[in-house]
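Here's the structure we're looking at; comments come further down.
Below, chain A is the first sequence line, B the second, and so on; all start at residue 1.
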Protein chains: 2
Amino acid sequence: MLQDRVEEYLGAIYRLRTGEGEPLPLSQLAEYFGFSPVSIHEMIRKLDDGGWVDFHPYRGVTLTERGEASARALLRRHRLWERFLTDSLNIPWDEAHLIAGDLEHAAPELVTDRLAEFMGEPDACPHGGPIPPALQSSEERCLRSLGAGAEARVTRISPETPALLRRIAKQDLIPGRLLRILAQTETETRVHLQDMPEPALSIPETDAQAIWVELM
Amino acid sequence: MLQDRVEEYLGAIYRLRTGEGEPLPLSQLAEYFGFSPVSIHEMIRKLDDGGWVDFHPYRGVTLTERGEASARALLRRHRLWERFLTDSLNIPWDEAHLIAGDLEHAAPELVTDRLAEFMGEPDACPHGGPIPPALQSSEERCLRSLGAGAEARVTRISPETPALLRRIAKQDLIPGRLLRILAQTETETRVHLQDMPEPALSIPETDAQAIWVELM
DNA sequence: AGGAAGTATAAGGGATGCCTTATGATCTGC
DNA sequence: GCAGATCATAAGGCATCCCTTATACTTCCT
Ligand SMILES: [Mn+2]
Ligand SMILES: [Mn+2]
Ligand SMILES: [Mn+2]
Ligand SMILES: [Mn+2]
């Protein structure tokens, strides 16, 4: 879920659109990517099905709230990489833009957030584009704090203790996973992973304390 | 050419093999990746066709010189990223390993070489693995220095002047491109790009001076 | 030497993301 | 209001890289 190509399309829509929530004509995307209109259309339909965009026939696409958030996060990663490449590694800014276009997909938020910290929280890319703020964790809730029935998506694991990370990876509770809370007991949280055959997963209380999610 | 998956396989062969040029049994790769033996076999056949490995039926695979060089370069990028992630960004080493496993494919040699410089040319990754040296440019030749008929692959553009980079990108003379020298005149180098319909490309002498290649 | 285990290979399938060609639907300008 | 341009959509293809099933071949051990 949320492959590179999906991100790339969301990012392109974000950059190419004009103000005012006006739908972006697919022809613009075709020109930007150099793909055939049919391919663009096909992909946009997938994005619509996935809830990333709204497709308005004969008018264009708009980003949903979810798509908008992804695009903004992508742009943040892109611009932070650009800053780092130009400032710390002395890479020319046009090349930095191209390289950042790949790095933005390769590393998780954690890396670019640390990069931002490392560089003193810059607020613009080398080309002057503003760097969107890190996703405010106001909407982030601890897995442990949710009641039975709640549906949420894992956003991050914190603190990042290696042993904990390994335990969590083993249960495949990686960021992005959709889950539903089955029950909270004194010692554990029982969870169901979406699209998984297993009926439930038991997470010890101390681990659940370190899993952060976003309500759906 | 040289997609992520190809690199990943070459890297795995490099790491998993024991000493002495002993072929690595495909079963080891199947276990490492968790893929079916048939899938591994199919991929290995492609790598063999591409000249990256030699496949010895019922014995295993060995890396060709070309495959070995790619794997070594990949490992260098991997370990430099690991160093950077752990040392500069304080990311736990097990997570750094995973992230480096993606970053190693996303950024060109240029970035990791600069990273190495930035970190004072470390000689081991956080886990103690030695960092292979940068590809010695002894085999690198300037495009301008080649005679007509020579076949070569673009390795890098240096110096990295933005305007030059843009001009070169426009002619698609990016690193990795295979070309054949048609002629060298006082003012330009005429070149044919492999798999390109156009009969020839003319590169001004000053630009050709900045294009570095590896003879085929 | 024979048989079990391991390995190779053929055949067909699925997802993704690109392509072209072809047919309708809608919009827009005159 | 109609025509030509633009856009939507269906259908079929291709490359990549993964899958399973099934058959054939080799190796190795008893
Ligand atoms: Mn990108
Ligand atoms: Mn920028
Ligand atoms: Mn990798
Ligand atoms: Mn390491």
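Remark: A:Asp87 engages A:Arg83 in a side chain to side chain contact (heavy atoms under 4.5 Å, CB included) (not counting sequence neighbours). With sequence neighbours excluded, the residues satisfying side chain to side chain contact (heavy atoms under 4.5 Å, CB included) with B:Asp207 are B:Leu164, B:Arg167, B:Ile203, B:Pro204. Residues satisfying the side chain to side chain contact (heavy atoms under 4.5 Å, CB included) criterion with B:Ala107, sequence neighbours excluded, are A:Ile99, A:Leu103, B:Trp81, B:Val111.
As a whole-Å value, the separation of A:Asp49 CG from C:dA15 P is 14 Å. The separation between A:Leu47 atom CG and C:dT16 atom C1' is 13 Å, rounded to whole Å.
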**Report entry** Nucleotide-resolved protein contact map, nucleotides 6-19 of chain D, B/S/- at heavy-atom distance under 4.0 Å
**Finding:** -BSBB-----SBBB
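Residue pairs meeting the side-chain hydrogen bond (donor to acceptor under 3.5 Å, both in side chains) criterion with at least one member in residues 169-180 of chain B, sequence neighbours excluded, are B:Asp172-B:Arg177.
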Report all side-chain donor-acceptor pairs from residues 23-47 of chain A shorter than 3.5 Å, counting only partners two or more places apart or in another chain.
unit_1: A:Ser36; atom_1: OG; unit_2: A:Ser39; atom_2: N; d: 3.1
unit_1: A:Ser36; atom_1: OG; unit_2: A:Ser39; atom_2: OG; d: 3.0

